[in-house]
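The block underneath contains the structure these notes are about, expressed in structure tokens.
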Amino acid sequence: PAAKVVGEDRIAGLSCRIWETPSATEGAPANQVCVTDDGIMLRANKAGEVDKPTMLAEEIRRGPQDPALFAPPADYEVVDYSRCTDMAAEAMAAARSGKKPDMAKLQECSALGKKMSAIFGG
């Protein structure tokens with residue numbers, strides 16, 4: 001079931017809409033979050049438990065954010081597999097037209113696939 005707006009509130013000086021989603025646990029109260037129009041969650045609680053929030057914003061300060069806060073940790077490796085999906089499509093097109101695919105490119109993607117599998121414990 002989709003989330004639905006069930007009301008409005010004002011928290012930490014900002015207006016927000018109360019969105020409700022059913023609980024994944026049968027018989028449990030629905031989940032509610034109050035979110036500003038620009039996506040800031042100000043409160044999270046179970047339906048009927050507004051006075052016992054699991055998260056409640058007390059102060060919101062808007063301003064520039066340090067990009068370093070959003071950078072992956074230094075020891076992470078970013079793996080971009082998107083070029084391999086393009087190469088696979090090219091290989092299929094070549095095969096359909098009776099041409100041999102570029103096997104060197106496909107080998108690169110095979111190695112990248114193995115690396116990604118190792119990252120996820122495969």
(message) Taking salt bridge (charged side-chain N to carboxylate O under 4.0 Å, His left out) as the cut-off, I'd like each qualifying pair that reaches into residues 57-71, sequence neighbours left out, listed once.
(response) Asp38-Arg62, Glu59-Arg61
What are the two closest non-hydrogen atoms of [X] and [Y], and how far apart are they?
X      : Y      : result
Cys109 : Met87  : SG-SD, 3.7 Å
Leu106 : Pro101 : CD1-CB, 4.0 Å
Ala3   : Thr21  : CB-CG2, 3.3 Å
Leu56  : Pro53  : CB-CG, 3.9 Å

(request) Would you kindly confirm whether Met41 and Trp19 end up in one hydrophobic cluster when ILVMFWY residues are joined by side chain heavy atoms under 4.5 Å apart? (result) yes
(message) Is there a path of hydrophobic side-chain contacts, each under 4.5 Å between heavy atoms of I/L/V/M/F/W/Y residues, joining Ile11 to Leu14?
(response) yes
(request) Hey, could you give me the SG/CD distance between Cys84 and Glu90, rounded to the nearest 0.5 Å? (result) 11.0 Å
(request) List for me each residue that meets salt bridge (Lys or Arg N to Asp or Glu O under 4.0 Å) alongside Asp80, sequence neighbours excluded, and say none if there are none. (result)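 Partners of Asp80 under the salt bridge (Lys or Arg N to Asp or Glu O under 4.0 Å) test: none.
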(message) Less than 4.5 Å apart, side chain to side chain, heavy atoms only: is that true for Leu42 and Arg10?
(response) no
Kindly list each side-chain donor-acceptor pair under 3.5 angstrom involving residues 26-34, sequence neighbours excluded, with atom names and distances?
{"unit_1": "Asn31", "atom_1": "OD1", "unit_2": "Lys46", "atom_2": "NZ", "d": "2.7"}
{"unit_1": "Gln32", "atom_1": "OE1", "unit_2": "Asn45", "atom_2": "ND2", "d": "3.2"}
{"unit_1": "Gln32", "atom_1": "NE2", "unit_2": "Glu20", "atom_2": "OE1", "d": "2.7"}

